[in-house]
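These notes concern the structure reproduced below.
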Amino acid sequence: ATSASLVAYVGLFGNDYGSTTLKLSLESDVLHSRSNVLAMAPVRSIPAVIELISRVNFNLSIGGFEIDSDGLVSFRANTPLAGASLEAEHVRHLIGLHLAMQNRFHEAFMAVMFAGMSAEEASRMD
């Protein structure tokens, strides 16, 4: 059973814009995952990035973006295992999800962080 396990794996994967780190951890029958967007949000852009995250997350059916107090934007998702064994397919699914979300929203985040685009306009880029 996976409920007593706590395992962490950190790896690199590439998307259309470069490489990022994907962290996986297994805790209480849930496989957790997190990957970082490829740039830190400059302080001046953080309010707009927070708004973009809110707009983007509203339409996502699985996972979501978040920002920490330093401006690091990440995507996180979880897969409940419900007592099943952790399989390679679970990991492949999460890697694919992270790649898709990073690729889909990368340009929007960069436009808000570095080009001064409004969150409203950037949220319509995908």
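Predicted model, so just to flag it, every value in this text is computed and none were measured. If you read the sequence from its start, that first residue is 1, and numbering goes on from there.
- Side-chain heavy atoms closer than 4.5 Å link hydrophobic residues (I, L, V, M, F, W, Y) into clusters, and following such links, even through other members, never connects Met125 to Leu52.
- For residues 20-40, the set of pairs meeting the ring pair (Phe, Tyr, Trp, His ring centres under 6.0 Å) definition, not counting sequence neighbours, is empty.
- Between Ala108 and Ala122 the shortest heavy-atom distance is CB-O, 3.5 Å.
- In terms of heavy-atom proximity, Asn36 sits nearest to Gln102 at O-NE2, 3.3 Å.
- Sorted by first and then second residue, the salt bridge (charged side-chain N to carboxylate O under 4.0 Å, His left out) pairs with a member in residues 30-44 read Arg34-Glu66; sequence neighbours excluded.
- Counting all heavy atoms, side chain and backbone alike, Met101 lies closest to Phe75 at CG-CZ, 3.3 Å.
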* List the steps, then state whether side-chain contact (heavy atoms from CB on, under 4.5 Å) holds for Arg104 with Val56. => CA-CA 10 Å; Arg104 180 176 173 191; Val56 165; over 6 Å; no
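- A heavy-atom distance below 4.5 Å is not found between the side chains of Lys23 and Ser33.
- Glu51 meets the salt bridge (Lys or Arg N to Asp or Glu O under 4.0 Å) test with Arg55; sequence neighbours excluded.
- Side chain of Asp70 to backbone of Leu72: no donor-acceptor contact under 3.5 angstrom is found.
- Scored by the ring pair (Phe, Tyr, Trp, His ring centres under 6.0 Å) test, Phe109 finds Phe65 as partners (sequence neighbours excluded).
- Inter-residue side-chain proximity for Val30 and Leu81 is flagged as unmet; no heavy-atom pair is nearer than 4.5 Å.
- Using modelled atom types, one side-chain atom of His90 and one backbone atom of Glu87 make a donor-acceptor pair closer than 3.5 Å.
- Note on residues 112-123: pairs passing salt bridge (charged side-chain N to carboxylate O under 4.0 Å, His left out), not counting sequence neighbours, are Glu120-Arg124.
- Linking Ile, Leu, Val, Met, Phe, Trp and Tyr residues whenever their side-chain heavy atoms come within less than 4.5 Å places Leu99 and Val91 in a single cluster.
- Here CE of Met40 is found 7.5 Å from CD1 of Ile46. Values are rounded to the nearest 0.5 Å.
- At least one side-chain heavy atom of Pro42 sits less than 4.5 Å from a side-chain heavy atom of Phe114.
- How far OG of Ser45 is from CE of Met113: 6.0 Å, rounded to the nearest 0.5 Å.
- A heavy-atom distance below 4.5 Å is found between the side chains of Leu31 and Leu94.
- The main-chain N or O of Gly64 is never found under 3.5 Å from a side-chain atom of Asn57 such that the two would form a donor-acceptor pair.
- Here the OG1-CD1 distance, from Thr79 to Ile62, works out to 5.5 Å after rounding to the nearest 0.5 Å.
- Ile53 and Met117 are members of different hydrophobic clusters when ILVMFWY side chains are connected at heavy-atom separations under 4.5 Å.
- Closest heavy-atom contact between Ala48 and Ala119: O-CB, 3.4 Å.
- The salt bridge (charged side-chain N to carboxylate O under 4.0 Å, His left out) pairs that include a residue from residues 108-118 number zero, where partners must be two or more places apart or lie in different chains.
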